[in-house]
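This report refers to the structure that appears directly beneath it.
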Amino acid sequence: MVVTRFAPSPTGYLHVGGARTALFNWLYARRMGGTFILRIEDTDLKRNTPTAMQQVIKDLRWLGIDWDQGPEAGGPHGPYLQSQRRDIYDRYIAQLLEQGKAYYCFDTPEELDSLRQEASEGKQGFVYRRPEQFPDAKDAARARAEGRPVTVRFAVPQDQPFVVRDVIRGEVVFGPGEVQDFIILKSDGFPTYHFAVVVDDELMGVTHVLRGQEHLMNTPCHLALQAALGFRTPEYAHMSVTVSEGGGKLSKRERPKALREKIKAMDKVDLESLARAGGIGMEELESFLQKKTTPDMPAIDAMAAHLGVHLPEINVVDFFRSGYLPETMVNFLALLGWNPGDDREVMDRQELIAAFDLNRLSKSNSLFDRKKLMSFNTEHIKRVASTDLLGHYRAFLAEIGSPAAGAQDKRLARILEICLGARTLEEIEQKTRFLFVDNDKVDYDKTAVDKVLLQHDGLGVLTEVADLFRSLDEITAASIEEVLRGLADRKQIGLGKVAQPLRVAICGTTISPPIFDSVDMLGMDNTLARIRIAVEKFGRTN
RNA sequence: GGCCCCAUCGUCUAGGCAGGCCUAGGACACCGGGUUUUCAACCCGGCAACAGGGGUUCGAAUCCCCUUGGGGCUACCA
């Protein structure tokens, strides 16, 4: 029985790297008919944020990744929040201490820092010196009384190599003495990641650990711990890292960085209203611009929205807000470091599950290519069942607070139909926004007006179009098409010379869905009203 | 600095473990053309890679070594 898990630390939104790790573990469990566990690694009090876990859960659900055991799902090995498992860790810590396999330490962070400093100045690697004699519980009590921090360090056997057997990389050998004693219990009483992960993977019966390559160097630590505690060693697969266009691993720091650069590149920015939009103080904004601190993600998002700038999507929720489908994300992420072995690329969840295989994971890092992602999105918008697409579109409209959010299913379905070929839901929303504004609130794009309405007698054509429309008794996309084509024929001009002025009159821009459908959906009354408004507004200035 | 991982078109990759089927395949991007009422989509065509150097072998993209390059880790973070 295969058991895999995804173990995020709730420090913020789920980002694509984490989503990919979750996905691979989920795909493998589903492929093998196994169990997939969600475990929350919240052992760092300083970094956890209260809403992060909920957000991670929301993001996973959006992606369609479900878990058999974990928060909200429950399960036989709970609790699934590490912060609630301290008694369990304490027992194993006590066992190691008793067996002389771990020992108390009383160093302050400052002392350790200066030792590290010394080591790096001498171009030496820092090595923690294990005491000749391990302090006992009494020493620990005394240290505590004196106000010194008390931690527990694991005494890593120094006379043997550690061999990591990795599904992707084969055997990776760490020579004797290369793994030094590391802390397993922090001075605040919480276990470190290394300890909690080993204990929980054992207790939860985890058989396969798929995780990022950045954990490869941690694995000997885990092997040593497993041996000391008499635990099994699961199968490991250290996946390649996803790197960003800028080089380096795709990091959540990219968004704040991009925002800072955009602000600096702008001519004049009203910093006060910017700070207000982000819900932060002026000092905080200043300090952010000076690269000293970074506000939290909602503040970054709010400021970007305020400025109308587009930041690179990093978190799963960013992709949602930019109009990507969960199907796209799952498909694209799966292909980052894995492939089905044939030429298939666009696949749905079921196809991915059916094809997934640990032997096809690649060793080399991959770059997150947004252009390809967008092309995948186009494909999935075409592929997804229309009812699913409608659901996705509705969720998207609600998320971004679009005026179209309240529209009826039938109307939204028609919109999706006439926008086939769009690359993102955002594109669809922008293209059809004119359907949801008042006739006198149409935002006319100046270049479009100049180029289309004020040249080639655009306004004159518009007047003719309006007359023909008025005499129409049956209004459908087809009858509208007939009228417009007929006019173009009679005037011996291309259809574009008729369609474009009309488009600008009703949408304000030269970009819209096919014009016949656009007019039909807007309705004849609104169309005529907008033509009248446009003719009045721009006829006079000319 | 130390330790570790990786290396095929600009990008994701197939092929590598079982060397000849590879004059290296697909997709995205890009370029050219077509379709066309705008954008997008769509159709046709094109450009484009085995990092370098040594071996092993009748034969290497494929196996070995070195160099170079990229990445990761080096916390009382996970």
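Note that the structure is a prediction, hence the values are computed from the model and not measured. Hydrogens, waters and symmetry mates play no part in the numbers below; they use all other heavy atoms, side chains included.
The residue A/Leu335 sits close only to the backbone: its heavy atoms come under 4.0 Å of sugar-phosphate atoms, none of a base. Within 4.0 Å of A/Arg116, counting heavy atoms only, lie sugar-phosphate atoms of the nucleic acid but no base atom. As judged by a 4.0 angstrom heavy-atom cut-off over every strand, A/Leu484 is placed among residues making no nucleic acid contact. The residue A/Arg47 sits close to a base: some heavy atom pair falls under 4.0 Å. Residue A/Leu216 is in sugar-phosphate contact alone, with no base atom involved, counting any heavy-atom pair closer than 4.0 Å across all strands shown. Among the heavy atoms of the strands lying under 4.0 Å from A/Ser366 are primed sugar atoms or P, OP1, OP2 only; no base atom is included. Residue-level contact check: A/Thr43 touches the backbone only, with heavy atoms under 4.0 Å from sugar-phosphate atoms and none from bases. Within 4.0 Å of A/Gly337, counting heavy atoms only, lie sugar-phosphate atoms of the nucleic acid but no base atom. Among the protein residues, A/Asp107 comes within range of the nucleic acid bases, having at least one heavy atom under 4.0 Å from a base atom. Base contact: A/Phe516 has a heavy atom under 4.0 Å from a base atom. Among the heavy atoms of the strands lying under 4.0 Å from A/Glu379 are primed sugar atoms or P, OP1, OP2 only; no base atom is included. No contact: A/Lys497 has no heavy atom under 4.0 Å from any strand. A/Arg503 comes within contact range of at least one nucleobase, with a heavy-atom separation under 4.0 Å. A/Ser364 comes within 4.0 angstrom of the backbone, heavy atoms only, and of no base.
In terms of heavy atoms, A/Ile506 sits closest to A/Leu522 at CB-CD2, 3.7 Å. Here the shortest heavy-atom pairing between A/Met204 and A/Pro79 reads CE-O, 4.1 Å.
One can place CD of A/Glu178 at 10 Å from P of B/C5, the figure rounded to the nearest angstrom. Rounded to whole Å, the distance from CD on A/Gln180 to P on B/C73 is 17 Å. Regarding A/Glu214, its CD atom lies at a distance of 16 Å from the P atom of B/A75, rounded to whole Å. Atom P of nucleotide B/A40 and atom CD1 of A/Ile515 are separated by 17 Å, given to the nearest angstrom. Between the P atom of B/U37 and the CD atom of A/Glu481 lies a distance of 10 Å, rounded to the nearest Å. The nearest whole Å value for the distance from the NZ atom in A/Lys371 to the P atom in B/C12 is 14 Å. Atoms CG (A/Asp357) and P (B/A14) sit 13 Å apart, rounded to a whole Å. Rounded to whole Å, atom C1' of B/A7 lies 12 Å from atom CZ of A/Arg169.
Taking every side-chain heavy atom of A/Ser187 into account, B/C76 is the closest of B/C76, B/U37, B/C73. Checking B/A78, B/C5, B/G10 against the side-chain heavy atoms of A/Asp44 singles out B/A78 as nearest. Among the nucleotides B/A40, B/C76, B/C3, the one closest to any side-chain atom of A/Phe174 is B/C3. Relative to the side chain of A/Leu367, the nucleotides B/A41, B/U11, B/U38 differ in distance, and B/U11 lies closest. Comparing B/G26, B/C76, B/U13 by their closest approach to the side chain of A/Ser362 singles out B/U13. Comparing B/A78, B/A40, B/U13 by their nearest atom to the side chain of A/Glu41 picks out B/A78. Closest to the A/Arg360 side chain, of the nucleotides B/C76, B/A41, B/G15, is B/G15.
A distance of about 33 Å separates the P atoms of B/G10 and B/C3, rounded to the whole Å. Taking atom C1' on both B/A7 and B/G16, the two are 13 Å apart, rounded to the nearest angstrom. Between B/U35 and B/C28, the two P atoms lie 22 Å apart (nearest whole Å). B/U8 and B/C64 have their P atoms separated by 16 Å, given to the nearest Å. With P as the reference atom, B/G53 and B/C9 are 16 Å apart, rounded to whole Å. Across B/C73 and B/U67, the matching C1' atoms stand 24 Å from one another, rounded to whole Å. Rounded to the nearest Å, the gap between the P atom of B/G70 and that of B/U23 is 32 Å. When the C1' atom is compared between B/G26 and B/A49, the two are found 14 Å apart, to the nearest whole Å.
Checked by distance alone, A/Ser375 brings no side-chain donor or acceptor within 3.5 Å of a matching partner on the base of B/C28. For B/G26, its base sits under 3.5 Å from the side chain of A/Glu345 at one donor and acceptor pair at least. In the interface, the side chain of A/Lys382 is not paired with the base of B/A41 through any donor and acceptor atom under 3.5 Å apart. Interface remark: the A/Asn218 side chain does form a donor-acceptor pair with the B/A78 base, using a distance-only criterion of under 3.5 Å. Between the side chain of A/Lys431 and the base of B/C39, at least one donor-acceptor pair of N or O atoms lies under 3.5 Å.
Salt-bridge check for A/Arg5 with A/Asp200: failed, with every basic side-chain N at 4.0 Å or more from each acidic carboxylate O. The residues A/Arg129 and A/Asp181 are annotated as not salt-bridged, no charged nitrogen and carboxylate oxygen being separated by less than 4.0 angstrom. With respect to the salt-bridge test (charged N to carboxylate O, under 4.0 angstrom), the residues A/Arg47 and A/Asp44 qualify. Using a 4.0 Å cut-off between a side-chain N of Lys or Arg and a carboxylate O of Asp or Glu, A/Glu464 and A/Arg490 do not qualify as a salt bridge. Between A/Arg165 and A/Glu235, none of the side-chain N atoms (NZ, or NE/NH1/NH2) sits under 4.0 Å from a carboxylate O, so this pair counts as no salt bridge.
Base pairing analysis places B/A18 opposite nothing; no Watson-Crick or G-U wobble pair with both distances below 3.5 Å involves it. Remark: B/C3 base-pairs with B/G72. Criterion, Watson-Crick or G-U wobble with two distances under 3.5 Å. Applying the Watson-Crick and G-U wobble criteria (two distances, each under 3.5 Å), B/A27 pairs with B/U11.
Nearest-nucleotide positions on RNA chain B place A/Met217 closer to the 5' end than the other of A/Met217 and A/Asn339. Residue A/Lys363 is the one, among A/Lys363 and A/Pro513, whose nearest nucleotide of RNA chain B lies closer to the 5' end (criterion: closest heavy atom).
Contact between the side-chain N/O atoms of A/Lys186 and the OP1/OP2 oxygens of B/C77 is found at a separation under 4.0 Å. One finds a side-chain N or O of A/Arg485 lying less than 4.0 angstrom from the OP1 or OP2 phosphate oxygen of B/U37. Within the 4.0 Å cut-off from OP1 or OP2 of B/C6, not a single side-chain nitrogen or oxygen of A/Asn365 is found.
The cationic group of A/Arg153 lies under 6.0 Å from the six-membered ring centre of A/Tyr128 and within 45° of the ring axis, placing it in a cation-pi geometry.
Atom CD of A/Gln492 has 12 or fewer neighbouring heavy atoms from other residues, nucleotides or ligands inside a 6.0 Å radius.
The closest side-chain heavy-atom distance from A/Val163 to A/Val172 is not below 4.5 Å.
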